[in-house]
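The next block holds one structure in the form of structure tokens; read it before the comments.
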Amino acid sequence: MRLSRYFLPILKENPREADIISHRLMLRAGMIRQQAAGSFSWLPLGKRVLDKICRIVREEQDRAGALEILMPTIQSADLWRESGRYDDYGKEMLRIKDRHERDMLFGPTNEEMVTEIFRSYVKTYKDLPLNLYHIQWKFRDEVRPRFGVMRSREFLMKDAYSFDLDFDGAKAAYNRMFVSYLRTFTRMGLQAIPMRADTGPIGGDLSHEFIILAETGESQVFCHRDYLALPVPGAATDFANDGEIDGIVKQWTTPYAATEEMHDEAAWAAVPEADKVSARGIEVGHIFHFGEKYSKPMGAKVMGPDGKEHFVSMGSYGIGPSRLIAAIIEASHDENGIIWPESVAPFDIGLINMKVGDGECDRICDELYKAFEAAGKDVLYDDTDQRAGGKFATADLIGLPWQVIVGPRGAAAGEVEIKNRKTGERETLPVAQALAKLG
Ligand SMILES: Nc1ncnc2c1ncn2[C@@H]1O[C@H](COS(=O)(=O)NC(=O)[C@@H](N)CS)[C@@H](O)[C@H]1O
């Protein structure tokens, strides 16, 4: 992509309304624009990151055996009356009326709707286990939306829902999602720690939050230091092997880890001082087992092997792709801007022409641009007439993993400079070697 033809509204100054670094940098890097309290437009650079995050989420949900669907954002209130949550949900629910005066709502979550889908088609345990997920916008009328997309009112959520004959089946489904989450966050360059958590308005009696340790996190968390070194399950993990999956979950739930709501001082006291980690954290995922909480009132049942009807045992599993972008920036930035992990960077390479109009600079940049793109790399080519210093500042701010800098002196000698954004390391190489290294 040529920057001269892109849409990247960089802000030079720190916006006043931003209180935390991720909000500040997302605004300055031209990734989002606030349209109303807690509601944002995603501009080209931000949308590219959001899409990469969702691709990783989707791949790991599919790997774990979940099936993708897409449910509406606007829901009928009748469904929520069946489960009894219409009144319980309170002021966070955005309630609307359609032209026929029917009560509708902007979905904050989809347990009721997915249960309605399930009960309409599945009648026998032979069709279980089943896990349906979607990646869809939600609305929660937070009393104090803040920190940009970290706690917004309209936000993107991957929400998956599992259906099983009994608790044993449901626990195996819960474990598959648990392991899928360990892989998902690791692939984004994040270290997420699963912590026993409160279940809140979703309900149930078994729940884990996946927390990223960060000073600006809204949650106070406590965990054993061992979590920082546990091996994350690899791509060869066999999600069809309940025993293997259960073993991984046991390994990741044995050392102490709890959010403030679930903190147990006595158990915490047993942790050696040197192994205690008490920190702020950002909740990037939250999984729940809640059995028959929705299937019973909504009549979602199957014929069991015993010839009797059973309400299905369910769980739901949420990840916040839009919040994850802020969490990644909180965990990976410096004084010059964002430092994207390669897996979620909006572009792989920032190609910087220090002197547009200089024959050799232009020629080498065009050659590298075409060759990198041909090698399948996403390149943002700064071919603008901004002065070099401003180009370096922009490249550091938007945080692409690699910068390839083409200046007149180097170009005359057939060389370019490569800079690694994370380490700051620079290396001057002949053009062909630069292409070999990054292409
Ligand atoms: N206001 C918000 N802004 C941004 N992301 C949010 C917000 N509220 C929740 N999330 C994200 O959505 C994830 C799931 O939300 S949740 O309430 O914990 N869980 C559910 O809604 C369940 N239905 C899981 S399917 C959270 O872990 C968080 O990453």
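In listed order, ligands and their atoms are each counted from 1.
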- Given side chains that start at C-beta, do those of Ile282 and Glu218 come closer than 4.5 Å, heavy atoms only? no
- Query: Can the positive tip of Arg176 be found less than 6.0 Å from the middle of the six-membered ring of Tyr181, inside 45° of the ring normal?
  - Reply: no
- List, ordered by chain and residue number, the protein residues whose closest non-hydrogen atom lies under 4.0 Å from any atom of ligand 1. Thr109, Glu111, Arg140, Glu142, Val149, Met150, Arg151, Ser152, Phe155, Met157, Asp159, Tyr161, Ile202, Glu283, Val284, Gly285, His286, Phe288, Ser316, Tyr317, Gly318, Gly320, Arg323
- Query: Which residues pass the side chain to side chain contact (heavy atoms under 4.5 Å, CB included) test with Met157, sequence neighbours left out?
  - Reply: Lys138, Arg140, Phe155, Asp159
- Query: Between Ser207 and His289, is any side-chain donor less than 3.5 angstrom from a side-chain acceptor?
  - Reply: no
- Query: Would you call the rings of Phe40 and His23 parallel, tilted or perpendicular if under 30° counts as parallel and over 60° as perpendicular?
  - Reply: perpendicular
- Is Arg183 paired with Glu59 through a side-chain N to carboxylate O contact shorter than 4.0 Å? no
